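Just so it is clear, the structure is predicted and the values come from calculations on it, not from any experiment.
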Amino acid sequence: MTPDRPFLGLLLMIGFCVLAPLGDGMAKMLGDTIPLGQLLIVRFAAQAIILAPIVIATRRHWKMSRRVTTLAFIRSLLHIVGIGAMFTSLRFLPLADAVAIAFVMPFIMLLLGRFVLDEEVGYRRIIACCVGFAGTLLVIQPSFSAVGLPALLPLLVAVVFALFMLVTRQIAKEVDPISLQAVNGIMACVALTPILLFGAVNEIAAFGFVWPSTLNWLLLVGIGVLGTSAHLLMTWSLRFAPSATLAPVQYLEIPFATVIGWMFFRDLPNGLAAIGILITVGAGIYILLREQAMARLATETP
């Protein structure tokens, strides 16, 4: 067992909050020049290339049961769709807005737990979910007025990653997390290859191939390295601190995304979106604190 080191866990999670939007920012830079399929396969190929040698060098287990292998493949497909929707949304939306809208995911997970898994969810958390959704709508509204339906893509990201997390819950205790991420990268590349070949043959722009410039190659590699590193930092943070301690820190991703969006694109949320972000963050943190209180009460009750 790894002993708890909360401060180290918090530092690792903060590292995730910096690297994840930085990788998204690079994807936004490339969104108008590099096809989506090419962005995705480089992202997942980098994940496989970085993590597979780590799995081999540390003699981690690759072997999975048939059930876990099936769930891992479903998880990989969800990962492809989630990242693909996020990268596409960044072609139309400011970075901070896209990230903030996607943070409706905790509310969706709570509702899925209530209505799909029949988990106990109190009325206060249901109300907090409604407040969080209202905040998210405030972020969406100005973007929807400007770009239309693409403003809803981060909502798809949130739904897909809520399902991604539910699948991950089903297999997390049976598979080493680094091995799972390495297999995730390999499976994603296997799934994407025929799609890209089909796109190339039928001249589908989103799944075509463009030979990148030197700068674009560097950005493509950066997306893969940053995305993989961010998820590794998140995984490692959970080894040193409880998820209840780390979860509120994840909301730092929104201000970091705001800073990165301003530095590279001179984008800032407008007044209505900024209010919506504050409401969403407040509701999300309330739910997290409520979850901690309920868990503490459960452990104290004989």
Side-chain angles (χ1 to χ4, degrees), residues 14-50 79-103 139-140 142-143 146-158 160-161 185 188-189 192 195-196 199 204-234 252-270 273 277:
I14 291 170
F16 165 82
C17 292
V18 175
L19 295 187
L22 192 57
D24 289 339
M26 290 183 177
K28 184 174 177 64
M29 290 180 189
L30 293 174
D32 292 329
T33 56
I34 303 296
L36 175 63
Q38 194 172 340
L39 286 174
L40 289 173
I41 199 161
V42 171
R43 161 67 180 81
F44 286 107
Q47 180 172 315
I49 291 167
I50 292 169
H79 206 178
I80 291 169
V81 174
I83 291 181
M86 187 64 175
F87 284 178
T88 303
S89 73
L90 292 172
R91 294 182 59 193
F92 303 96
L93 302 179
L95 179 61
D97 288 13
V99 171
I101 295 168
F103 260 91
V139 184
I140 292 173
S143 297
V147 302
L149 288 178
L152 302 180
L153 282 170
L155 287 180
L156 174 62
V157 175
V160 169
F161 274 107
C189 289
L192 282 166
I195 296 173
L196 295 181
I204 300 173
F207 299 108
F209 179 83
V210 173
W211 189 260
S213 65
T214 302
L215 175 60
N216 286 352
W217 268 121
L218 291 173
L219 290 172
L220 280 169
V221 172
I223 290 169
V225 171
L226 288 172
T228 303
S229 300
H231 281 88
L232 274 179
L233 289 177
M234 178 187 283
L252 287 175
E253 189 177 344
I254 297 176
F256 280 123
T258 303
V259 171
I260 291 167
W262 180 81
M263 287 175 61
F264 290 103
F265 310 106
R266 291 296 185 265
D267 286 335
L268 283 175
N270 66 16
I277 288 172

Asker: If I take atom CG from residue Asp97 and atom CD1 from residue Ile277, how far apart are they, to the nearest 0.5 angstrom?
Answerer: 5.5 Å
Asker: Give me each pair satisfying salt bridge (charged side-chain N to carboxylate O under 4.0 Å, His left out) with a member in residues 80-89, each pair once, sequence neighbours excluded.
Answerer: none
Asker: Quick one: CZ on Phe16 to CD on Glu253, what's the gap to the nearest 0.5 Å?
Answerer: 5.0 Å
Asker: Quick one: do Leu30 and Phe87 satisfy side-chain contact (heavy atoms from CB on, under 4.5 Å)? Show the steps, please.
Answerer: CA-CA 9 Å; Leu30 293 174; Phe87 284 178; over 6 Å; no
Asker: Given the rule in the side-chain contact (heavy atoms from CB on, under 4.5 Å) test, do Phe265 and Met29 qualify, once you have shown the distances and angles that lead to the verdict?
Answerer: CA-CA 9 Å; Phe265 310 106; Met29 290 180 189; 3.8 Å; yes
Asker: Heavy atoms only: give me the nearest Pro21-Phe256 pair and the separation to one decimal.
Answerer: CG-CB, 4.2 Å
Asker: Please give me the minimum heavy-atom distance between Leu233 and Gly15, naming the atom from each residue.
Answerer: CD1-C, 3.6 Å
Asker: When rounded to the nearest 0.5 angstrom, what is the spacing between CE in Met86 and CD1 in Ile83?
Answerer: 10.0 Å
Asker: Taking it one step at a time, do Met26 and Phe264 satisfy side-chain contact (heavy atoms from CB on, under 4.5 Å)?
Answerer: CA-CA 9 Å; Met26 290 183 177; Phe264 290 103; over 6 Å; no
Asker: Determine whether Pro154 and Leu93 make a side-chain contact, defined as any pair of heavy atoms from C-beta on separated by less than 4.5 Å.
Answerer: yes
Asker: Which atom pair, heavy atoms only, marks the closest approach of Leu90 to Ala98?
Answerer: CD2-CB, 3.8 Å
Asker: Any side-chain hydrogen bond (donor to acceptor under 3.5 Å, both in side chains) involving residues 28-43? Give me the pairs, sequence neighbours left out, ordered by first then second residue.
Answerer: Arg43-Gln47
Asker: Identify the two heavy atoms, one from Ala85 and one from Leu153, that lie closest to each other, and give their separation to 0.1 Å.
Answerer: O-CB, 4.0 Å
Asker: What distance separates Trp217 CH2 from Trp211 CH2, expressed to the nearest 0.5 Å?
Answerer: 5.0 Å
Asker: List the atom of Val99, the atom of Ala257, and the distance in Å for their closest heavy-atom pair.
Answerer: CG2-CB, 3.9 Å
Asker: Using a 4.5 Å cut-off on heavy atoms from C-beta on, say whether the side chain of Val221 contacts that of Leu218.
Answerer: no
Asker: Are the side chains of Ile223 and Val42 in contact, using a 4.5 Å heavy-atom criterion?
Answerer: no
Asker: Which atoms form the tightest heavy-atom contact between Leu19 and Ser229, and what is the distance?
Answerer: CD1-CB, 3.9 Å
Asker: What distance do Ser213 atom OG and Leu219 atom CG have between them, rounded to the nearest 0.5 Å?
Answerer: 8.0 Å
Asker: To the nearest 0.5 angstrom, please state how far the CG atom of Leu192 sits from the CG atom of Leu40.
Answerer: 6.0 Å
Asker: Could you walk me through whether Leu95 and Asp267 pass the side-chain contact (heavy atoms from CB on, under 4.5 Å) test, one step at a time?
Answerer: CA-CA 8 Å; Leu95 179 61; Asp267 286 335; over 6 Å; no
